[in-house]
Amino acid sequence: MLTAVITGHESADATVVIPVSVRDLLPRDLPACTWSGSATHLRHVERELVRAAAGEVDYLAVCTPVDLPVAIGGIDYQVSREAGTLWQLAVLPALQSRGLGTLLIRAAEQRIRNRGLRRAELAVEEDNPRARALYERLGYAVYGREPDVWDEEGPDGLIRRHETMCVLMGRDL
């Protein structure tokens, strides 16, 4: 169902409503997820999908009616015995602040509950106040901070080590 609501008599402004669904991210989805990161990042996601097949993680996709992912994110069950750890959450930039991140997180929390766990945790970079504000709105509270490091691919194709400080947040489910 596609609904268009024209907001003015002779205006080009409209509100478009498109239903979305949440499912497991699949290897065949990766070519449609280039918006989420570099080729290096997508190779890492591909490796995580192998872990998903082994039951160590869940990797979710919020998809449009034509089955294109517009938000993705993982839940790692190996980081903590008592919690599912959300990570690599991303929403297509043009669709941010439209509720897709909230939908993704709530679906991830349900997966965590389905595993018999009652806590969700995540880490957010200190210099990402927009994401942190979302997590706080969803009930996540800060319980610590720790440094993190990973390789990232620059626009020039070179791999650089990214070092950052993260705020640790959690929520009882």
Side-chain angles (χ1 to χ4, degrees), residues 19-30 32-33 35-38 40-64 67-93 95-152 162-173:
V20 294
S21 60
V22 180
R23 63 167 173 77
D24 290 328
L25 184 71
L26 303 171
R28 68 176 165 83
D29 295 319
L30 295 180
C33 294
W35 52 266
S36 71
S38 67
T40 299
H41 169 72
L42 289 175
R43 283 191 298 275
H44 180 73
V45 172
E46 187 173 32
R47 286 191 302 272
E48 294 303 325
L49 293 179
V50 173
R51 291 183 65 213
E56 296 174 4
V57 303
D58 281 322
Y59 217 111
L60 305 179
V62 177
C63 297
T64 66
D67 211 28
L68 288 174
V70 292
I72 62 174
I75 312 147
D76 195 323
Y77 301 105
Q78 304 296 301
V79 175
S80 170
R81 292 174 39 124
E82 299 165 359
T85 302
L86 306 179
W87 97 116
Q88 294 184 346
L89 302 173
V91 174
L92 180 71
L95 297 177
Q96 290 177 354
S97 297
R98 304 286 187 270
L100 296 171
T102 297
L103 177 64
L104 178 63
I105 291 167
R106 293 304 190 217
E109 292 170 346
Q110 186 58 51
R111 291 282 183 105
I112 293 167
R113 281 191 291 276
N114 291 348
R115 290 268 185 136
L117 300 171
R118 296 291 172 248
R119 184 164 175 81
E121 296 178 348
L122 56 86
V124 60
E125 288 185 85
E126 284 185 335
D127 64 355
N128 191 349
R130 185 174 180 190
R132 182 173 170 176
L134 168 63
Y135 305 141
E136 288 172 344
R137 277 194 310 277
L138 295 177
Y140 286 77
V142 174
Y143 68 87
R145 26 185 329 258
E146 72 180 16
D148 202 354
V149 62
W150 59 83
D151 290 336
E152 68 179 12
H162 179 78
E163 296 181 14
T164 189
M165 183 59 71
C166 289
V167 174
L168 305 175
M169 304 181 78
R171 176 177 184 273
D172 291 331
L173 302 177

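Atom set for the values below is all heavy atoms of this structure, side chains included, hydrogens, waters and symmetry mates excluded.
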What one should report as the nearest heavy-atom pair of E56 and D76 is O-OD1, 3.9 Å
Exactly one candidate in N128, L89, V167 meets side chain to side chain contact (heavy atoms under 4.5 Å, CB included) with Y135; the answer is L89
OG1 of T40 to NE2 of H44, rounded to nearest 0.5 Å, is 11.0 Å
Quiz item: How about W35 and I72: do any of their side-chain heavy atoms sit closer than 4.5 Å?
Solution: yes
(request) Might you work through the side-chain contact (heavy atoms from CB on, under 4.5 Å) test for L117 and Y77, ending with a clear yes or no? (result) CA-CA 9 Å; L117 300 171; Y77 301 105; 3.9 Å; yes
**Report entry** Flag side-chain contact, heavy atom, 4.5 Å: N114 against Q110
**Finding:** yes
Is there a side-chain contact between R47 and R43 (heavy atoms, below 4.5 Å)? yes
Distance col, row C33:SG vs E46:CD, nearest 0.5 angstrom, shows 11.5 Å
Are any non-hydrogen side-chain atoms of Y59 and R51 less than 4.5 angstrom apart?
no
Those residues at least two apart in sequence (or on a different chain) that pass side-chain contact (heavy atoms from CB on, under 4.5 Å) with A108 are L60, I75, L86
Could you tell me if the side chain of R98 sits less than 4.5 Å from the side chain of V91, heavy atoms only? no
For this session: Measure up the W150 and H162 rings against each other and bin them: parallel (under 30°), tilted (30 to 60°), perpendicular (over 60°).
Result: tilted
Within 6.0 Å of CD in E82, more than 12 heavy atoms from elsewhere: no
Sequence neighbours excluded, the answer for side-chain contact (heavy atoms from CB on, under 4.5 Å) partners of R119 is A83, E121, Y143, D172
Sequence neighbours excluded, the answer for side-chain contact (heavy atoms from CB on, under 4.5 Å) partners of L173 is E109, I112, R113, A120, R171
Rounded to the nearest 0.5 Å, the SG atom of C166 sits from the CD atom of E126 at a distance of 8.0 Å
Rounding to 0.5 Å, atoms CD (Q88) and OG (S36) come to a distance of 8.5 Å
Distance col, row R132:CZ vs M169:CE, nearest 0.5 angstrom, shows 5.5 Å
Subject >> W87/V57 under side-chain contact (heavy atoms from CB on, under 4.5 Å): CA gap, chis, key distance, verdict >> reply: CA-CA 10 Å; W87 97 116; V57 303; 4.0 Å; yes
Could you go step by step and tell me if E48 and L25 meet the side-chain contact (heavy atoms from CB on, under 4.5 Å) rule?
-> CA-CA 10 Å; E48 294 303 325; L25 184 71; over 6 Å; no
Separation between CD (E125) and CG (D148), nearest 0.5 Å, reads 8.0 Å
Which of L26, V20, D29 passes side chain to side chain contact (heavy atoms under 4.5 Å, CB included) with P69? Answer is D29
Q) Would you say the side chains of R130 and S97 form a donor-acceptor pair under 3.5 Å? A) yes
Notebook entry, point to check: Just wondering, do R23 and D67 contact through their side chains at under 4.5 Å, heavy atoms?
Noted result: yes
Check whether any side-chain heavy atom of L134 lies under 4.5 Å from a side-chain heavy atom of Q96, and answer yes or no.
no
